[in-house]
Chemist: 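The following block contains the structure, expressed as structure tokens.
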Amino acid sequence: MEGLVSLKTTPPGLSFHASPPSTTSGRELSLVRRSLPASSMGTRRRNGVVSIRAQQSETEDESATVSPGNGDVETALKVKEWEVGMFHNEVAATQGIRIRRRPPTGPPQHYVGPFEFRIKSEGNTPRNILEEIIWHKDVEVAQLKERRPLFRLKNALDSAPPTKDFVGALRAAYQRTGLPGLIAEVKKASPSRGILREDFDPIEIAQAYEKGGAACLSVLTDEKYFKGSFENLEAIRNAGVKCPLLCKEFIVDAWQIYYARTKGADAILLIAAVLPDLDIKYMIKICKILGLATLVEVHNEREMDRVLGIEGIELIGINNRNLETFEVDISNTKKLLEGERGQKIREKDIIVVGESGLFTPDDIAYVQEAGVKAVLVGESIVKQSDPGKGITGLFGKDISS
Ligand SMILES: O=C(O)c1ccccc1NCC(=O)[C@H](O)[C@H](O)COP(=O)(O)O
């Protein structure tokens with residue numbers, strides 16, 4: 001069954017009252033749960049009242065409806081947060097998504113102390129680096145949101161300059177050079193490779209890339225795992241770089257899209273291994289409203305098929321790096337573009353971006369032959385003393401004019 005627990009937000013005393021018992025049967029709830037978008041479940045605020053969707057298993061009876069008991073509001077909220085995370089994972093799993101979105105505060109029985117000291121179990125420990133990044137991102141975004149609520153970001157956007165045409169720049173570069181348009185990545189470090197460049201000056205690198213013929217730039221903004229920042233993105237934008245900018249971030253919440261736009265992004269990345277279809281559709285809608293392009297990243301056939309089923313996709317990135325294991329194999333791009341999938345992509349006039357592990361002109365020729373019209377490259381060019389010349393080395397010719 002689905003119960004609603006309402007919490008009046010009248011400070012200083014918060015009070016709970018449970019809604020009348022619902023007549024929804026367990027079986028109906030199960031359907032309700034499955035038909036709800038992952039992002040629609042959870043805490044809702046309307047007319048000063050916070051409503052918490054309280055769902056329980058089909059075997060529980062009405063009397064077990066979530067009751068905050070003796071006013072332990074915070075605990076009840078955390079329990080709900082945890083439940084919402086679990087339901088998100090349920091929806092995601094039906095789409096083959098293995099990355100779990102679990103509130104990192106841990107399951108309810110661990111609410112007695114900090115997460116870092118938890119007794120580790122399969123359920124409360126990230127299974128791979130991507131999951132770890134996503135769990136960390138959930139906490140980071142929650143904290144950032146508190147400091148800069150959405151309405152403030154929206155106000156800031158009233159005076160923001162228009163975005164640059166990211167997709168148009170890639171198409172133009174392809175037409176101009178006959179080679180895949182380059183998205184050159186401003187990347188200081190990565191979990192798989194460690195520090196790539198000690199003397200890292202983001203503006204200098206961005207300007208060198210632009211001079212060297214990059215169509216667009218990708219700026220890593222994650223601090224913990226990539227040593228990037230939103231300050232870098234903003235600084236590059238304000239330094240007069242003309243290339244459109246991709247905010248290379250792990251997006252788990254629409255708030256981040258608004259934030260990226262306020263910091264000068266022209267495009268954002270959505271990772272299909274992390275986001276269920278409905279979240280991708282929703283975020284694409286937000287991007288269209290904000291004038292941003294979306295690069296939707298896939299790594300395997302299942303993710304590609306999911307993304308090809310979504311309307312309005314203009315750019316698909318095929319990552320040759322498995323973000324769970326770090327294994328890099330550029331034949332992944334070829335594999336995902338073979339047969340009907342490639343056909344569908346051509347029919348829809350989608351630009352495919354080959355991502356990761358590209359080092360030589362042969363690599364570029366290989367992915368171009370497979371069907372990509374753009375490439376996203378970091379390591380091989382950022383490591384060169386002159387990253388602009390690195391581009392010439394990568395393509396085997398000067399593509400700057
Ligand atoms: O690069 C990593 O180690 C990594 C680890 C976990 C999640 C994402 C990661 N990289 C993001 C990327 O996909 C690359 O930065 C991008 O495609 C450029 O790759 P490369 O040219 O190989 O630096």
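Just so you know, ligand 1 is whichever comes first in the structure, and atom 1 is the first atom listed for that ligand. Note that this is a predicted model, so its numbers are computed, not measured. Only this structure's heavy atoms are used, side chains among them; waters, hydrogens and symmetry mates stay out.
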Chemist: Would you list the atom pairs, donor with acceptor, under 3.5 Å between side chains in residues 301-315 and any protein atom, with sequence neighbours excluded?
Modeler:
residue : atom : partner : partner atom : Å
R302    : NH2  : T94     : O            : 2.9
E303    : OE1  : H299    : N            : 2.7
D305    : OD1  : R341    : NE           : 2.7
D305    : OD2  : R341    : NH2          : 3.0
R306    : NE   : D277    : OD1          : 2.6
R306    : NH1  : A272    : O            : 2.9
R306    : NH2  : A272    : O            : 3.4
R306    : NH2  : L275    : O            : 2.7
R306    : NH2  : D277    : OD1          : 3.0

Chemist: Rounded to the nearest 0.5 Å, what separation is found between the CD1 atom of I99 and the CZ atom of R127?
Modeler: 7.5 Å
Chemist: Near ligand 1, which residues have a heavy atom under 4.0 Å away from one of its atoms?
Modeler: E185, K187, S190, P191, S192, F226, K248, F250, N319, R321, L323, F326, E355, S356, G357, L376, V377, G378, E379
Chemist: How many angstroms lie between NZ in K188 and OG in S229, if you round to the nearest 0.5 Å?
Modeler: 10.0 Å
Chemist: Please tell me whether N322 and E327 have a donor and an acceptor in their side chains that are separated by less than 3.5 angstrom.
Modeler: no
Chemist: For D329, enumerate each residue passing the salt bridge (charged side-chain N to carboxylate O under 4.0 Å, His left out) test, keeping only those at least two apart in sequence or located in another chain.
Modeler: none
Chemist: Could I get the full list of salt bridge (charged side-chain N to carboxylate O under 4.0 Å, His left out) partners for D349, not counting sequence neighbours?
Modeler: R171
